[in-house]
Structure formats: C-alpha cells, structure tokens
Amino acid sequence: MLDHEQVVIRTGRRSRLPVIVAVHSTVLGPAAGGLRLWHYPDWRDGLDDALRLSAAMTSKFAVAGLPSGGGKAVVALPEGMVLDADRRREVLHDVADVIVALGGTYATGPDVGTGPDDMASIGDITPHVFCRPAHLGGSGDSSPHTAQGTLAALRAVSRRLYGTSSLAGRTLSVVGLGRVGAALARLLAAEGAALTVTDVDPGKRKVCDEVGAVWLSPDKILAAEVDIVVPAALGSVLDEPTVRGLRCRAVAGPANNQLATPDVADLLHQRGVIWVPDYVASAGGVIHAISAELHRLPAAEARARVDAIEDTVTDLLRTAESRGQTPAQAADELARRRLRAAPGPTGP
Ligand SMILES: NC(=O)c1ccc[n+]([C@@H]2O[C@H](COP(=O)([O-])OP(=O)(O)OC[C@H]3O[C@@H](n4cnc5c(N)ncnc54)[C@H](O)[C@@H]3O)[C@@H](O)[C@H]2O)c1
C-alpha cells in the first residue's frame, strides 16, 4: 500500500534523467526534505530511497515539534555518470520544475550529493528551496547545525548513562569524518571527549590529527570499547553481526538510516545498548534551516531549537524506560501521536 500523499516521477526535460519527488505527508505542514543526487543501479532503487527517506522526514519533523511535513527528492544517476557544470544545472532545473508543479506542497534542501550552490541553481526557478548560500538569502550549509544537534543528543545520552550532560573525559568513536562528522569531532574534542575516529577516505586522517584522536580502520571501529559510538557516514551500519560485536553503552549519531532492518533496534535494546533514532539525532540541520528561513527566527532562537534536541532525547529515553519500550518505539509513538492530533493535509 502506498503510504505517501503523492509521488512524482518525471523524466527531466533538459537532462532526460529520472527526477523523483516523494511527498509523504503534509499533515503537519508543507513538506520539506533534501535532494539526493546519487548513483543507483536502477532508478527504481532511487524511488525506494525517496519513499523511505520522505517517510523518515515526516517523523523527523513530528518529533522535533515543527509544523512541516515529510518529503524527499531523488535524481537517480546511472552508475558511473559524471555531471559537468552545465549538465548539473540542467538536472537541478529539472528538479525545480517538479517543485514548481507541486505548488508549494514541497520545498527542497541539500542532501547526499548536493550542497548550497546546487540550491542556488534550484532557486533560479523556484523559491521553495532551503540552504542557499547566505549571500543569496539562504541559511547556507546545514552540516554545522546537524553536528550541533547531534552534540545535544549525545549530551542527553550522557545524562542518561552517567547523570551528567558533560562529555568531558567520555570516550566516543566517530565513524565518518565528512561534513557533519568532522564538525562534530571538533565540537566533541572542544568538550574534552577522548575520540577514536575513522573514514574510508585516508585523507581524513588530518582531521584525526587536528582533534588529537586515535585512528582505527573502518572495519574495527564499531567494535571499539568506548562509551558511545557515533555513526556519521552512510546508512545501514547496524545489522545483527555489527550489533553483536558492539562494546559500547550507546549509539547515537547523524547518519541517516543506521539500521539495516527495523528489528535491529530490538537487538540493540536486548544487548543493553541505548540507540537514539537517527531521525531524532540528525534533525539539527533541518530544524535550523526551517527556523531561520521559514519562521524567520533570529540566529540565537534557531540555535536554541537545535539545542532543544537534548530535551527531546532526554524525554524520549525517559519515556522509553518507564514504558519498557525501545527509544525507537517511543519516538515512533510520539510522531504518530503528533500526526493524529493535527487537522489534516496541507493543500497546495
Ligand atoms: N549534512 C547534513 O546536514 C545532514 C543532515 C542530516 C543527516 N545527515 C547524514 O549524516 C551522514 C553524514 O553526512 P555528511 O553531510 O557529513 O556526508 P559527507 O558525504 O560529507 O560525509 C560522509 C563521510 O563518510 C565517509 N564514509 C563513507 N563510507 C564510510 C564507511 N563505511 N566507514 C567510514 N567512513 C565512511 C566518507 O568518506 C565521508 O567522509 C549521512 O548519513 C547524511 O545522510 C547529514
């Protein structure tokens, strides 16, 4: 059964590439969610991603308490295709055409494979776009805010485990030192945390040196004996074998879709490992973009909303414990409750 309000699949008139926009829900407000420009063996794999990721955006906004709905755009590039600047602009304008056709039901932003400059190109055609560069009136790169929000989630985990939100002296392993992972590693180092880090890109060793961390290979880091593992690379890192090998007390990080399958949340729980749902820990970027650009909040108030992830996670962990649920169940229940309490879909 289709769980989405609408899904548009269109061959871009300029690029001839498949442009997919999934609007999962506008029950809480107009949908928002990033544009993934990524290689897929088949465009239908991109469709699967758009369906799954747009549903996660609905939950992300609902748990964050924001009046936005869940959507996602995917352009499925054939394996090996490299876009030059002109072709890239064509693709982005094709995406903008679909956004225009949706009449304000969906606004996009950056995701894997896209950034603020791409949002500027989309902004040539439609105003329904977040995170354009600051000189064009956008809120720019979301990753520092995602990192800030993850730090807030980690403070809540620390409070639950150790009775203090301070991360000084805690041991954490950061898996992936990309835009978010590197920013988060810097924040954690500044807090006095002891870090173990990795990336498949050996060039990221300079971030490791900068933050005084220990480098472990990607295949060893999940089994490192640390307080908290922080997934900050790509999805599906937690499956049965990796969870059985964990030697940490909690897993919380910004990477999307960390669980290979939903039942891995139960296994984490059985093993006594606290798992903060990824859509809660990674919400800082969208919370900031929506607050700054849509709600026009001053910087300090937008930042306060991002920092409030600490309270959200604290409440979720407390609720889960008191009800004998996993944090994933508690978060899903909270999202469903907020959706049920809303009046209904937002028209274009
Ligand atoms: N950028 C944001 O604001 C934002 C918001 C919400 C969620 N996220 C999620 O956070 C994660 C990181 O996002 P990003 O913007 O930093 O992406 P990025 O592409 O800048 O960084 C990802 C990093 O992970 C590394 N990597 C890939 N596979 C790896 C592996 N198996 N082991 C170790 N390292 C590996 C890459 O080399 C890269 O350095 C993604 O899952 C993304 O969907 C990002």
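Being a predicted model, the structure only gives us computed values, none of them experimental.
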Listed once per pair and sorted, the salt bridge (Lys or Arg N to Asp or Glu O under 4.0 Å) pairs that draw on [range], sequence neighbours left out:
range: residues 31-43; result: Arg36-Asp49, Arg36-Asp111, Asp42-Arg44
range: residues 6-32; result: Arg13-Asp97, Arg14-Asp94, Arg14-Asp97
range: residues 223-245; result: Glu225-Arg247, Glu240-Arg244
range: residues 212-223; result: none

- Task: Apply side chain to side chain contact (heavy atoms under 4.5 Å, CB included) to the pair Leu17 and Thr11, showing each step before the final yes or no.
- Result: CA-CA 5 Å; Leu17 287 168; Thr11 300; over 6 Å; no
With heavy-atom distances below 4.5 Å as the criterion, would you say the side chains of [X] and [Y] are in contact?
X: Leu154; Y: Leu167; answer: yes
X: Val23; Y: Ser54; answer: no
X: Leu317; Y: Arg159; answer: no
X: Val276; Y: Pro327; answer: no
X: Thr58; Y: Leu28; answer: no
X: Thr171; Y: Thr196; answer: no
X: Ile228; Y: Val157; answer: yes
X: Arg155; Y: Val313; answer: no

Check for me, please, whether [X] and [Y] land in the same ILVMFWY cluster - side-chain distances under 4.5 Å, paths through other members count.
X: Val21; Y: Trp43; value: no
X: Met57; Y: Val95; value: no
X: Val211; Y: Leu151; value: yes
X: Tyr106; Y: Ile20; value: no
X: Ile99; Y: Val8; value: yes

Please give me the minimum heavy-atom distance between [X] and [Y], naming the atom from each residue.
X: Leu177; Y: Trp215; answer: CD1-CZ3, 4.1 Å
X: Ala328; Y: Pro277; answer: CA-CG, 3.7 Å
X: Asp199; Y: Pro218; answer: O-CG, 3.8 Å
X: Gly140; Y: Pro116; answer: C-CG, 3.9 Å
X: Ala50; Y: Ala22; answer: O-CB, 3.6 Å
X: Ser282; Y: Lys60; answer: OG-NZ, 3.0 Å

Other ILVMFWY residues reachable from [X] by side-chain steps of under 4.5 Å:
X: Leu53; value: none
X: Val214; value: none
X: Val264; value: Val175, Leu216, Ile221, Leu222, Val226, Val229, Val237, Leu238, Val243, Leu246, Val251, Leu259, Leu267, Leu268, Val273, Trp275

Using a 3.5 Å distance criterion without hydrogens, assess whether the side chain of [X] forms a donor-acceptor pair with backbone atoms of [Y].
X: Thr150; Y: Ala281; answer: yes
X: Gln148; Y: Gly284; answer: no
X: Gln258; Y: Ala255; answer: yes
X: Gln329; Y: Thr326; answer: yes
X: Asp45; Y: Tyr40; answer: no

- Could you check Glu5 against Thr26 for side-chain hydrogen bond (donor to acceptor under 3.5 Å, both in side chains), going step by step and ending with a plain yes or no? CA-CA 8 Å; Glu5 285 177 21; Thr26 59; 2.7 Å; yes
Separation between [atom1] of [X] and [atom2] of [Y], rounded to the nearest 0.5 Å:
X: Gln270; Y: Asp263; atom1: CD; atom2: CG; result: 9.5 Å
X: Thr114; Y: Leu35; atom1: OG1; atom2: CG; result: 4.5 Å
X: Ser68; Y: Leu66; atom1: OG; atom2: CG; result: 6.0 Å
X: Leu2; Y: Leu51; atom1: CG; atom2: CG; result: 7.0 Å
X: Ile290; Y: His295; atom1: CD1; atom2: NE2; result: 6.0 Å

Can I get a per-line list of side-chain donor-acceptor pairs under 3.5 Å for residues 73-92, giving both atom names and the distance, sequence neighbours left out?
unit_1, atom_1, unit_2, atom_2, d
Asp84, OD1, Asp86, N, 3.2
Asp84, OD1, Arg87, N, 2.8
Arg87, NH2, Ser15, O, 2.5
Arg88, NE, Asp118, OD1, 2.8
Arg88, NH2, Gly113, O, 2.8
Arg88, NH2, Asp118, OD2, 2.9

- Query: Yes or no on side chain to side chain contact (heavy atoms under 4.5 Å, CB included) for Arg336 and Arg340, after CA distance, side-chain angles and deciding distance?
  - Reply: CA-CA 6 Å; Arg336 274 199 300 273; Arg340 271 199 307 271; 4.0 Å; yes
- With sequence neighbours left out, what residues match Glu293 under salt bridge (Lys or Arg N to Asp or Glu O under 4.0 Å)?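 Checked Glu293 against salt bridge (Lys or Arg N to Asp or Glu O under 4.0 Å); zero matches.
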Contacts table for residues 122-135: side-chain donor-acceptor under 3.5 angstrom, sequence neighbours left out:
unit_1, atom_1, unit_2, atom_2, d
Asp124, OD2, His93, NE2, 2.9
Thr126, OG1, His128, N, 3.0
Arg132, NH1, Leu136, O, 3.2

- Item | Pairs involving residues 9-28, ordered by first then second residue, that meet ring pair (Phe, Tyr, Trp, His ring centres under 6.0 Å) (sequence neighbours left out) | His4-His24
- Task: Might you work through the side-chain hydrogen bond (donor to acceptor under 3.5 Å, both in side chains) test for Arg303 and His145, ending with a clear yes or no?
- Result: CA-CA 8 Å; Arg303 164 71 185 261; His145 310 289; over 6 Å; no
Distance-only check: which donor-acceptor pairs under 3.5 Å involve side-chain atoms of residues 180-189, not counting sequence neighbours?
unit_1, atom_1, unit_2, atom_2, d
Arg186, NE, Glu210, OE1, 3.4
Arg186, NE, Glu210, OE2, 2.6
Arg186, NH2, Glu210, OE1, 3.1

- Item | Working for side chain to side chain contact (heavy atoms under 4.5 Å, CB included), residues Leu195 and Ser173 | CA-CA 6 Å; Leu195 300 180; Ser173 57; over 6 Å; no
- Task: Test side chain to side chain contact (heavy atoms under 4.5 Å, CB included) on Glu191 and Arg170 and set out the steps.
- Result: CA-CA 10 Å; Glu191 296 273 310; Arg170 296 286 160 229; over 6 Å; no
- Item | Pair Asp209 + Lys206, salt bridge at N-O below 4.0 Å |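 Looking at Lys206 together with Asp209, the answer is no, because their closest N to O distance does not fall below 4.0 Å.
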